[in-house]
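Below, chain A is the first sequence line, B the second, and so on; all start at residue 1. Computed over heavy atoms, backbone and side chain alike; hydrogens, waters and symmetry mates excluded.
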Amino acid sequence: MPLAASDSSPTASPLLFFPRLVQWQRSHGRSGLPWQGTRDPYRVWLSEIMLQQTQVTTVLGYYSRFLERFPDVRALAAAPQEAVLALWSGLGYYSRARNLHRCAQAVVEQWGGAFPASAEQLQTLPGIGRSTAAAIAAFCFGERISILDGNVKRVLSRLLAFDGDLASLAQERRLWALAQDLLPAAPSHDEMVAWTQGLMDLGSSLCSRSKPDCSACPGAGLCLASAQGRTAEFPVRTRKLKRSTVEWWWLLLRRPDGAVWLERRPAEGIWAGLYSLPTYGSRAEGLAAFGGEPALRREHEALRHALTHRDLVLRPLELDASALRQDAAGPGPAAQAAPGLWVRRQADLDLGLPAPLRSLLERLLPA
DNA sequence: TATCCGTGGAC
DNA sequence: TGTCCAAGGAT
C-alpha cells in the first residue's frame, strides 16, 4: 500500500541521528564552558553534580569558586563539611553538597584518590546516580553509555515520538534503553563526548520546551514528532506535584551590639546542616523558648519562600537577647542549646545559609 | 513507587 | 501570579 502524499513520516533510520548530532555539536554546540575541554574526572564530576536540576548560568560562579578553594579531590575530602556547605550556600539541594563531600572521601579512601573508570562503579558513589555516572564515564573515559536527563528526555521522546509517561520509572527505563540503542557499535571517545554534549546542547537550544526550531535541527527528517507536527506533545509526563504551605516562626535573637544568633539545622530535612535562625512551628512556642512576651522587640514582615514541594511563610520575631545567657554555648537553656554562633556583620556570613536568610541578614547586619 | 529536597529563570 | 522545570538522586 503506497504512502499517502500527506504522510511525511521519516523513513530514515534513527541510527543516522548519532553522526548528525555529533557533527552538529562540533559546529554549533557549546564549547567554552569551564568544565569542557578536560577529561579530569574531578572537574567533570563537580560540574555534573552542580548542574543537577540547576541551570548553567547559575553554576558558573559556584564552579570557579569551588575549584579555587578545592583544586582536587583530596583537598575536598580533607575539608570540614561546614566549609563545603558554605561554598554551596545558595545553590540549593544541599544533599548534593553533603554527598559530594562523602563522595570525595570515598574516592580517597576506597579508590586511592582516583575516580573509578566505569559508569557501573561510579554509580556506587554517593550522589552519583545512573545519569551522572553515564555522563562522567562518557566524557572522561569514552564509555559507550547513554545519559538520560531532562534535555535528553525531551530530545529523544520527540525524535522517537515516545509516548510513555515519564512520570513512571518503567517508562523512563524504556526510553533509557532506546537511548542506548541509538549508539553505534563502537563509538570513539571523541564521538561519545560530542554525542553526550550534543544531546544536552540540542535540548537547551533548538529543541526547547516551547517553540523548538525544527528547521535548523540535526534531527530534521528523522524526528517523528516534528514530522507529525506534534513536538508540543512530547515528552509525556503526568505531573502530580502537591504543594503545601508551612508557617515557621524565626527567632531573631539580638544582643545589644546587634549580633544575631544562628543555629545549625538538623542533619535531615529542609536545609539540613545549614545555619539558620531558631525555628518554631508557632509564635507561642518560639516566644516561650526565649524569655516570652517581655523579650519581644518587633515582629518583622513575613517572608514568603517557595521550595519545590512547599511554600514557606517565615515570620521573624526579633527578641532582646540582653537578658539571656550569652556564653559560648548560646543564648538558650543549656539543655536545648544547639551548635551555633553569633554573627555581627556581613563578613561573618561565610556560612552555609538558606537563601532567604542570607538575604534577610544582609539587610539587617552592617557591612 | 511516591515523595522529598532549593533556587532562579522563562513564559 | 502561577506554573513549569533545569546536566537528578536518595529513600
Legend entry - Spacing between A:Arg209 atom CZ and B:dA10 atom P, to the nearest angstrom: 12 Å
Legend entry - A:Trp250-A:Thr279 side chain donor-acceptor pair, cut-off 3.5 Å: yes
Legend entry - Donor-acceptor under 3.5 Å (A:Gln25 side chain, A:Arg30 main chain): yes
Inset, instruction - Determine, for A:Asp257 against A:Arg255, whether the closest basic-nitrogen to carboxylate-oxygen distance falls under 4.0 angstrom. - result: yes
Legend entry - Cationic N near anionic O, under 4.0 Å, A:Asp190 to A:Arg39: yes
Inset, instruction - Give me the residues of residues 38-66 of chain A where at least one heavy atom lies under 4.0 Å from an atom of DNA chain B, by number, or none. - result: A:Gln53, A:Thr54, A:Gln55
Inset, instruction - Have a look at A:Gly203 and say if it touches a base, only the backbone sugar-phosphate, or nothing, with a 4.0 Å heavy-atom cut-off. - result: nothing
Inset, instruction - Tell me what A:Ala306 touches on the nucleic acid: a base, only sugar-phosphate, or nothing, going by heavy atoms under 4.0 Å. - result: base
Legend entry - Proximity to DNA chain B (any heavy atom under 4.0 Å), residues of residues 348-357 of chain A only: A:Pro354, A:Ala355, A:Pro356
Legend entry - Within residues 148-157 of chain A: residues closer than 4.0 Å to DNA chain C (heavy atoms): A:Asp149, A:Gly150, A:Asn151, A:Arg154
Inset, instruction - Could you tell me whether the side chain of A:His189 and the main chain of A:Phe139 form a donor-acceptor pair under 3.5 Å? - result: yes
Inset, instruction - For A:Trp88, answer base if it contacts any base atom (sugar-phosphate contacts may also be present), sugar-phosphate if it contacts only those atoms, and nothing otherwise; contact means non-hydrogen atoms under 4.0 Å. - result: nothing
Inset, instruction - Assign A:Gln197 to base, sugar-phosphate, or nothing according to its heavy-atom contacts below 4.0 angstrom with the strands shown. - result: base
Inset, instruction - Using heavy atoms to find the nearest nucleotide of DNA chain C for A:Thr132 and A:Arg237 separately, return the residue whose nucleotide is more 5′. - result: A:Arg237
Legend entry - A:Gln180 side chain to A:Ser146 backbone, donor-acceptor under 3.5 Å: yes
Inset, instruction - For the pair A:Trp195 and A:Phe17, name the ring-plane relationship: parallel under 30°, tilted 30 to 60°, perpendicular over 60°. - result: perpendicular
Legend entry - Donor-acceptor contact present, side-chain A:Arg98 to main-chain A:Ala272, <3.5 Å: yes
Legend entry - Interatomic distance, A:Leu91 CG vs B:dG9 P [rounded to whole Å]: 13 Å
Inset, instruction - Using the C1' atom as the reference point in each nucleotide, state the distance between B:dT1 and C:dG9 in Å, no decimals. - result: 15 Å
Inset, instruction - Could you tell me whether the side chains of A:Gln23 and A:Arg20 share a donor-acceptor contact shorter than 3.5 Å? - result: no
Inset, instruction - Specify whether A:Phe115 and A:Tyr42 have parallel, tilted or perpendicular ring planes, treating 30° as the upper limit for parallel and 60° as the lower limit for perpendicular. - result: tilted
Inset, instruction - Pick the P atom in B:dC11 and in C:dA7, then give their distance to the nearest Å. - result: 14 Å
Inset, instruction - Please find the earliest and latest nucleotides of DNA chain C, in the 5' to 3' direction, that have an atom within less than 4.0 Å of any heavy atom of chain A. - result: C:dC4 to C:dA10
Legend entry - ring-ring contact (aromatic ring centres under 6.0 Å, His included): pairs with one or both residues in residues 51-77 of chain A, sequence neighbours excluded: A:Trp35-A:Tyr63, A:Phe66-A:Phe70
Inset, instruction - Please state the C1' separation for the pair C:dA6 and B:dG6 - nearest whole angstrom. - result: 12 Å
Distances for protein N or O near nucleotides 3-5 of chain B N or O, under 3.5 Å:
{"residue": "B:dC5", "atom": "N3", "partner": "A:Tyr93", "partner atom": "OH", "Å": "3.4"}

Inset, instruction - Applying ring-ring contact (aromatic ring centres under 6.0 Å, His included) between A:Trp261 and each of A:Tyr275, A:Phe290, A:Trp342, report the one that passes. - result: A:Trp342
Inset, instruction - Decide whether A:Thr238 and A:Asp165 meet the rule of one side-chain donor and one side-chain acceptor closer than 3.5 Å. - result: yes
Inset, instruction - If the plane angle is over 60° it's perpendicular, under 30° parallel, otherwise tilted; pick one for A:Trp248 and A:Trp271. - result: perpendicular
Legend entry - Sugar-phosphate, base or nothing in reach of A:Leu274, heavy atoms under 4.0 Å: nothing
Legend entry - Cationic N near anionic O, under 4.0 Å, A:Arg283 to A:Glu247: no
Inset, instruction - Taking only the side-chain nitrogens and oxygens of A:His305, find out if one of them lies under 4.0 Å from OP1 or OP2 of B:dT7. - result: yes
Legend entry - Straight-line distance of A:Leu319 CG to A:Leu287 CG, nearest 0.5 Å: 6.0 Å
Inset, instruction - Verify the distance criterion only: is there a donor paired with an acceptor across the side chains of A:Gln55 and A:Thr58 at less than 3.5 Å? - result: no
